[in-house]
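Values below: every heavy atom of this structure, side chains too, minus hydrogens, waters and symmetry copies.
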Amino acid sequence: EKYYVIKGLVRFVAPLGLVYFAEYFINQGLMELLFFHNFFLSHAAQYRWYQTLYQIGVLVSRSSLYCIKFRRVWIFSLLQVVNTVFLLFAVRFQFLPSAWIVLVIILYEGLLGGAAYVNTFYFISKETESRYREFAMATASVGDSLGIALAGLVAFPVHKYFCSL
């Protein structure tokens, strides 16, 4: 029975894991490297503002269920991967002209991650039989944790590579 429940969760857990992988790869591997010398904020202050805006985006989107529900959570994963690839190239080739652009992108990153999280758990709670709901919710939380852990592992060598350039 549990296998049947887990099999039904893959369509939610895989996109959730991917969105969290992309999100935390940005946070752990790229964000510190997205700084601008000729900006009124220091490197440390830029990083703190990135983290603050990321958390504001998460808060807003996790609070958005009363306004909008979005069933196709895989779209958030796709957009977050595009975000990650864009920022990876931005770190490598330093083509972004201002920290203002990064501030907006990081806010957007938080909005995507929070929306994926809240919609995933909302639809799992609505579409899972009541007798399996608690098990399904607990199992689904493995998706984001796994995504975060894998992002950390991948971020180490990538961050080191960029610092060695």
Does one hydrophobic cluster hold both V91 and V104, with members joined at side-chain heavy-atom distances below 4.5 Å? no

L78 with V10, same ILVMFWY side-chain cluster at under 4.5 Å: no

Taking all heavy atoms of S61 and all of G110, pick out the closest pair and write down the distance. OG-O, 3.5 Å

So does F70 get a backbone contact from the side chain of N119, meaning a donor-acceptor N/O pair under 3.5 Å? yes

Do K2's NZ or CZ and the ring of F135 fall within the cation-pi criteria of under 6.0 Å and 45°? yes

Determine whether E109 and N27 make a side-chain contact, defined as any pair of heavy atoms from C-beta on separated by less than 4.5 Å. yes

Would you say the side chain of H43 lies within less than 4.5 Å of the side chain of F36, judging by non-hydrogen atoms? no

Between atom CD1 of I26 and atom CG of L88, what is the distance when rounded to the nearest 0.5 Å? 9.5 Å

Test your reading of the model: is there a side-chain donor-acceptor pair from S125 to the backbone of Y122, 3.5 Å cut-off? yes

Spacing of CG belonging to L53 relative to CG belonging to L103, to within rounding of 0.5 Å: 5.5 Å

Has S64 got a side-chain atom pairing as donor or acceptor with C67's backbone, closer than 3.5 angstrom? no

Could you tell me which residues satisfy side-chain contact (heavy atoms from CB on, under 4.5 Å) with A90, sequence neighbours excluded, listed by chain and number? L34, F95, L96

Hits for side-chain hydrogen bond (donor to acceptor under 3.5 Å, both in side chains) against Y108, two or more places apart or cross-chain, chain-then-number order -> none

Is the number of heavy atoms from other residues, nucleotides or ligands under 6.0 Å of R11 CZ greater than 12? yes

I106 side, atom CD1; Q55 side, atom CD - distance, nearest 0.5 Å: 11.5 Å

Sequence neighbours left out, what passes side-chain hydrogen bond (donor to acceptor under 3.5 Å, both in side chains) with Y47? Give chain and number order. Q51

Which atoms form the tightest heavy-atom contact between L18 and S77, and what is the distance? CD2-CB, 3.9 Å

Parallel, tilted or perpendicular for F39 and W100, by the 30°/60° rule? perpendicular

Could you tell me the separation between the CZ atom of F12 and the CE atom of M137, rounded to the nearest 0.5 Å? 10.5 Å

How far does CD of Q94 sit from CZ of F162, to the nearest 0.5 angstrom? 9.0 Å

Is it true that a side-chain atom of N83 and a backbone atom of L79 form a donor plus acceptor pair closer than 3.5 Å? no

Would you give the length of the straight line joining atom OH of Y54 to atom CG of L111, rounded to the nearest 0.5 angstrom? 10.5 Å

Looking at L16, is its backbone amide N or carbonyl O close enough to the side chain of T120 to form a donor-acceptor pair, meaning the two atoms are under 3.5 Å apart? no

Taking every heavy atom of I124 against every heavy atom of A140, the minimum-distance pair comes out as CD1-CB, 3.4 Å

Common cluster, L107/V82, ILVMFWY with side-chain heavy-atom separation under 4.5 Å: no

Would V85 and Y161 show up in the same hydrophobic cluster when neighbours are defined by side-chain heavy atoms closer than 4.5 Å? yes

If you take all heavy atoms of C163 and L33, which pair is closest and at what distance? SG-CD2, 3.9 Å

Name all residues meeting the side-chain hydrogen bond (donor to acceptor under 3.5 Å, both in side chains) criterion together with R133; count only those two or more places apart in sequence or in a different chain, and write none if there are none. none

Hey, can you tell me if Y117 and F121 have their rings parallel, tilted or perpendicular (30° and 60° cut-offs)? tilted

Looking at Y4, I want to see if its OH is surrounded by more than 12 non-hydrogen atoms of other residues, nucleotides or ligands under 6.0 Å. no

Between Q80 (side chain only) and L112 (backbone N and O only), is there a donor and an acceptor less than 3.5 Å apart? no

When clusters are formed by joining ILVMFWY residues with side-chain heavy atoms under 4.5 Å apart, either directly or through shared neighbours, do F76 and F86 land in the same one? yes

Over all atoms of both residues, closest heavy-atom pair of A136 and L9: O-CD1, 3.6 Å

Would you give me the side-chain donor-acceptor pairs under 3.5 Å for residues 145-159, sequence neighbours excluded?
residue	atom	partner	partner atom	Å
S145	OG	S141	O	3.3
H159	NE2	E32	OE1	3.2

How would you list, by chain and number, every residue that makes a side-chain hydrogen bond (donor to acceptor under 3.5 Å, both in side chains) with R71, sequence neighbours excluded? E127

Under the 3.5 angstrom rule, does the side chain of E134 hit a backbone N or O of R131 as a donor-acceptor pair? no

